[in-house]
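Worksheet for the structure shown next.
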Amino acid sequence: MNAIDAAFQRLREEGRTALIPFLTIGDPDLDTSVDIIKTLEEAGADMVELGVPYSDPLADGPVIQRASERALSNGRVTLADVVHVAENARQAGVKLPFILFSYYNPILQYGLDRFFELVTAKGISGLIIPDLPIEEDVELRAMAEAVDIHLIPLVAPTSNDRVKRIASKARGFVYCVSSLGVTGVRSDFHAGIDEFLSTVRGATSTPIAVGFGISSREQVERFGKQADGVIVGSAIVRKIEEVVQLLQAAETKRQGLDQIRAFVQELRG
Ligand SMILES: O=P(O)(O)OC[C@@H](O)[C@@H](O)c1c[nH]c2ccccc12
């Protein structure tokens, strides 16, 4: 059974909402990313989005844009580097399901066949490609499912029939974007978010998770009432940014990781 499906089944039995952090791999370096993933698991995360840093992150706000710049300032961070971080985290004992997050271009450049050879049997259970439109995802979705990886679709609070078409085919979970626009911490969400989530819920039996703008325990609780998971990226990436100097020095790395753990534990409650 795919590890994402197993995780949501366990969470349903426990009556809990999945906490799904996102981090940019290579920020501030590849080895520290392994330490941060371990810390996220210790803090109670249920699965994690491993972000491939990209030079043109169109859907990202300033926090994640800066994280990509930090990661890429040490030189290239390739898809293979990110998969290698996933393997190292597994070897370090991390059990979390991994969701590889990449814009489409790096995958296209790498080549679809070569990409799926790279990610097969490396502990990757999900794939999110925010700029791959559903009209173009048939081939890639089939290639992913053939190696037991779920291509996780994003739906935004726009036209209902498109939402239903996407949600009805979804595997893993449906990524419900809470607001139009780019990633980044928010205090208010799309006006029709509750109806939007009900529409998605009604269109599929696949779990649904909400992302974009979530940064506090109360927001996690609010969305936990309607969704099976909550995704938190920028708020965690901002915490990484705040402690990045501590993370980069051996004698203070633990202190930096402890601050990240405390923040995520607070989110989880
Ligand atoms: O950063 P936020 O507002 O918490 O949103 C999650 C987001 O970081 C993560 O899922 C993500 C990072 N980059 C993206 C680009 C598009 C869609 C989603 C994403």
Side-chain angles (χ1 to χ4, degrees), residues 4 17-27 33 36-37 40 45-72 77 79 82 96-107 126-134 137 150-158 166 170 172-190 193 200 207-220 222-224 227-242 260 263-264 266-268:
I4 293 172
T17 305
L19 177 62
I20 310 172
F22 164 94
L23 77 157
T24 300
I25 301 302
D27 173 30
S33 289
I36 295 172
I37 292 164
L40 294 173
D46 296 290
M47 49 193 94
V48 60
E49 287 182 16
L50 308 180
V52 178
Y54 185 47
S55 54
D56 188 19
L58 288 175
D60 279 303
V63 169
I64 291 180
Q65 284 181 22
R66 287 198 301 271
S68 293
E69 285 157 17
R70 279 195 302 276
L72 296 173
V77 175
L79 282 165
V82 176
L96 291 179
F98 293 148
I99 300 160
L100 187 67
F101 176 102
S102 177
Y103 284 89
Y104 195 24
N105 191 271
I107 295 173
L127 181 58
I128 296 178
I129 308 175
D131 55 345
L132 173 66
I134 183 169
D137 77 358
H150 291 326
L151 177 63
I152 293 159
L154 286 89
V155 289
T158 51
I166 295 171
F173 62 87
V174 183
Y175 188 137
C176 302
V177 173
S178 73
S179 327
L180 300 177
V182 296
T183 60
V185 172
R186 275 174 176 76
S187 51
D188 59 346
F189 299 93
H190 188 272
I193 179 80
V200 181
I208 69 175
V210 185
F212 273 48
I214 297 167
S215 62
S216 69
R217 176 80 207 122
E218 46 277 4
Q219 287 172 336
V220 170
R222 175 218 193 284
F223 287 118
D228 306 296
V230 174
I231 297 145
V232 180
S234 298
I236 291 173
V237 174
R238 185 175 60 183
K239 177 54 72 178
I240 293 169
E241 186 174 51
E242 283 168 13
I260 294 167
F263 178 71
V264 177
E266 161 63 26
L267 280 179
R268 191 175 181 280

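Start at 1 with the first residue, then count along the sequence. All figures in this text were calculated on a predicted structure; none of them were measured in a lab. Start at 1 and go down the list; that is how both ligands and their atoms are numbered.
- To the nearest 0.5 Å, atom CD of residue E49 and atom CD1 of residue I128 are 3.5 Å apart.
- Of all the atoms in ligand 1, the ones that sit under 4.0 Å from a non-hydrogen atom of G184 are 1 (O), 2 (P), 3 (O).
- Looking at Y103 against ligand 1, only its side chain comes within 4.0 Å, counting heavy atoms.
- In summary, the side chains of Y103 and D60 do present a donor paired with an acceptor at a separation below 3.5 Å, with no hydrogens or angles considered.
- Here the straight-line distance linking atom CG of L50 with atom CG of L79 works out to 11.5 Å at 0.5 Å rounding.
- Shortest contact from atom 3 (O) of ligand 1 to any protein heavy atom: G213 N, 2.6 Å.
- For the atom pair CG of D46 and CG of L96, the computed distance is 7.5 Å after rounding to the nearest 0.5 Å.
- Under the 4.0 Å criterion applied to side-chain N and carboxylate O atoms, K239 and E242 are assigned as salt-bridge partners.
- Atom CD1 of I193 is separated from atom SG of C176 by 7.5 Å, given to the nearest 0.5 angstrom.
- The closest approach between any non-hydrogen atom of L154 and ligand 1 is below 4.0 Å.
- Under the 4.5 Å side-chain criterion, counting only non-hydrogen atoms from C-beta, I107 is not in contact with L132.
- Closest to atom 14 (C) of ligand 1, if we only count protein heavy atoms, is F101 CZ, 3.1 Å.
- Taking OH of Y104 as the reference point, atom OH of Y54 lies at 12.5 Å (rounded to 0.5 Å).
- A heavy-atom separation below 4.0 Å is not found between A235 and ligand 1.
- Less than 4.0 angstrom separates some heavy atom of A59 from each of these atoms of ligand 1: 15 (C), 16 (C).
- For atom 8 (O) of ligand 1, the closest non-hydrogen atom on the protein side is I64 CD1, 3.2 Å.
- Looking at ligand 1, you won't find any N or O of V232 less than 3.5 Å from one of its N or O atoms.
- Taking 4.5 Å as the limit, every side-chain heavy atom of Y175 sits out of range of all side-chain heavy atoms of V155.
- For a threshold of 3.5 Å applied to N or O pairs, the pair formed by F22 and ligand 1 contains no separation below that value.
- Distances between N or O atoms of I231 and those of ligand 1 include no value under 3.5 Å.
- Contacts with ligand 1 closer than 4.0 Å are made by heavy atoms of both the backbone and the side chain of F212.
- At a 3.5 angstrom cut-off on N or O pairs, Y175 counts as close to ligand 1.
- Given atom 4 (O) of ligand 1, the protein heavy atom at minimum distance is G233 N, 2.8 Å.
- Contact analysis leaves G51 out of contact with ligand 1, as no non-hydrogen atom separation drops below 4.0 angstrom.
- Atom CG of L180 and atom CZ of F212 lie 9.5 Å apart (nearest 0.5 Å).
- Protein heavy atom in closest approach to atom 1 (O) of ligand 1: S234 OG, 2.5 Å.
- Among all protein heavy atoms, the one lying closest to atom 12 (C) of ligand 1 is D60 OD1, 3.5 Å.
- Contact annotation for R186 and ligand 1: no heavy atom of the residue comes within less than 4.0 Å of the ligand.
- Side chains of F22 and I236 form no contact here, defined as non-hydrogen atoms less than 4.5 Å apart.
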